[in-house]
Asker: 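Have a look at this one.
Each chain gets a letter, A, B and so on, in the order the sequences are listed, and its residues count up from 1. The analysis underlying the following values was restricted to heavy atoms, covering all of them including side chains, and did not include hydrogens, waters or symmetry mates.
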Amino acid sequence: MPELPEVEITRRRLEPFLVGRIVAGVETTRDSYVFLTRPSVLRRRLPGRSILSLERTGKYLVAPLDNGERLLLHLGMTGQLFAAGTASVRLLSSTAGAALAPDRQTAGFRPDAHTHLRLRFAGGGPEVFFRDVRKLGKIQLLRPGESSPRLERLGADALRSRGPDLFDVTRGRRASVKTVLLDQSVLAGVGNIYADEALFLARIRPTRRAGRLSRAECRRMVAAVKRVLRRSIETGGASVSDPSGEEGPPLDERRVYGRAGEPCRRCDTPIRRVVVGGRSAHFCPRCQR
DNA sequence: AGACTAACCTGAAAGC
DNA sequence: TGCTTTCAGGTTAGTC
């Protein structure tokens with residue numbers, strides 16, 4: 001489940017394989033839910049273009065091209081982006097249980113039915129693949145100057161800016177604080193897992209009405225979000241987000257997500273799971289008020 | 001406007 | 001054993 005840290009790690013790993021390279025060949029699957037731009041258009045327009053940079057806003061990756069177009073990518077739930085040479089494979093996304101598993105790094109990647117985009121580059125070298133089993137990810141090619149409602153709707157990136165004043169933003173809002181954290185137009189990049197983890201750090205119960213948070217709680221909340229996200233990037237992005245806990249050292253830093261019934265790491269009280277805004281929310285009933 | 005729900009997608013896991 | 005149901009979640013669109 002890629003959230004901001006996984007997307008940022010993917011960005012960093014992919015950057016050297018994309019930036020400065022000229023697209024020589026494009027393969028896609030047939031048109032489907034992942035394509036906001038028809039695959040035939042991608043196959044026609046991408047070859048010949050060089051990639052200027054790879055940027056991230058929230059959970060989106062944006063690659064500006066030399067003709068002013070922009071390639072927009074979103075990993076959705078199960079999306080993976082990685083580069084692969086001919087002999088061995090380096091998985092470059094930490095999502096969906098694919099990345100960091102050593103046995104898979106050498107498995108040799110063969111594009112399958114879920115591999116929706118394959119980019120070859122001039123001069124050879126590693127190719128770049130976009131794979132997404134559940135097709136909740138997105139691929140879009142924006143024309144020069146074309147705006148994207150998806151991008152423009154986004155609020156401040158959860159890591160980069162000082163962010164909105166959460167206290168001001170939440171006044172009068174009856175929705176839960178958890179719902180507001182997941183609202184990408186308020187703060188871009190936080191998903192279900194890190195929202196729960198940040199709420200635990202801030203000691204705020206996810207069901208609390210956002211409009212009732214004090215100034216101090218809002219400050220704590222924003223600080224906790226940043227801390228959780230930064231920490232996850234430092235440790236490789238997989239330890240917190242992978243519910244199986246099988247990947248990425250340290251083994252498991254999750255405090256609450258996916259730990260319903262297990263003892264709180266602070267006070268031993270069993271972690272509870274409730275549904276908030278249609279999403280699962282995990283919290284310690286004693287530590288979080 | 002804000003809040004809630006359904007829909008998109010598919011594989012794993014639970015239920016029968 | 002094998003079939004059916006449920007669940008997971010990021011995001012948008014539609015409804016109230």
Asker: For A/T207, give me all partners under side chain to side chain donor-acceptor pair (under 3.5 Å), at least two apart in sequence or on another chain.
Answerer: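 Side chain to side chain donor-acceptor pair (under 3.5 Å) check on A/T207 returns nothing, list empty.
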Asker: Apply ring pair (Phe, Tyr, Trp, His ring centres under 6.0 Å) to A/F129 and list each qualifying residue two or more places apart in sequence or on a separate chain.
Answerer: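 Checked A/F129 against ring pair (Phe, Tyr, Trp, His ring centres under 6.0 Å); matches are A/F82, A/F109.
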Asker: Report the residues that fulfil side chain to side chain donor-acceptor pair (under 3.5 Å) with A/H74, sequence neighbours left out, ordered by chain and then residue number.
Answerer: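 Result, side chain to side chain donor-acceptor pair (under 3.5 Å) vs A/H74: none returned.
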Asker: Report which part of the nucleic acid A/R173 touches: base, sugar-phosphate, or nothing (heavy-atom distance under 4.0 Å, all strands).
Answerer: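 The answer is sugar-phosphate, as A/R173 gets under 4.0 Å only of primed atoms, P, OP1 or OP2.
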Asker: Give the other cluster members for A/L142, using side-chain heavy-atom distances under 4.5 Å between Ile, Leu, Val, Met, Phe, Trp and Tyr residues; answer none if it is isolated.
Answerer: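 When side chains under 4.5 Å apart are linked, the cluster holding A/L142 also contains A/Y60, A/V62, A/L72, A/L151, A/L154.
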Asker: Just the table, please: protein N/O against nucleotides 12-16 of chain C N/O, every pair under 3.5 Å.
Answerer:
residue: C/dT12; atom: OP1; partner: A/R153; partner atom: NH2; Å: 3.3

Asker: Once side chain to side chain donor-acceptor pair (under 3.5 Å) is applied, do any residues pair with A/R43, and if so which ones, sequence neighbours excluded?
Answerer: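 Only A/T28 meet the side chain to side chain donor-acceptor pair (under 3.5 Å) criterion with A/R43.
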Asker: Could you list the residues that satisfy salt bridge (Lys or Arg N to Asp or Glu O under 4.0 Å) with A/D268, not counting sequence neighbours?
Answerer: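 With neighbours one apart ignored, the set is empty.
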Asker: Specify the angle, to 10°, made by the local axes at the two ends of the helix from B/dG2-C/dC16 to B/dC16-C/dG2 when five pairs are taken at each end.
Answerer: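 Comparing the axis at each end, I get an angle of 60°.
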Asker: Checking A/D196 now: which residues fulfil salt bridge (Lys or Arg N to Asp or Glu O under 4.0 Å) with it, not counting sequence neighbours?
Answerer: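 For A/D196, the residues satisfying salt bridge (Lys or Arg N to Asp or Glu O under 4.0 Å) (neighbours in sequence not counted) are A/K178.
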Asker: Tell me every residue that passes salt bridge (Lys or Arg N to Asp or Glu O under 4.0 Å) with A/E27, counting only those two or more places apart in sequence or in another chain.
Answerer: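 A/E27 satisfies salt bridge (Lys or Arg N to Asp or Glu O under 4.0 Å) with A/R118, A/R120 only.
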Asker: Share the residues that join A/V276 in a hydrophobic cluster, the rule being Ile, Leu, Val, Met, Phe, Trp or Tyr side chains under 4.5 Å apart at the heavy-atom level.
Answerer: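 Grouped by the 4.5 Å side-chain rule, A/V274, A/F283 form the rest of the cluster around A/V276.
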Asker: Going 5' to 3' along DNA chain B, between which two nucleotides do contacts with chain A fall, using a heavy-atom cut-off of 4.0 Å?
Answerer: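 Nucleotide range with atoms under 4.0 Å of chain A: B/dA3 to B/dG11.
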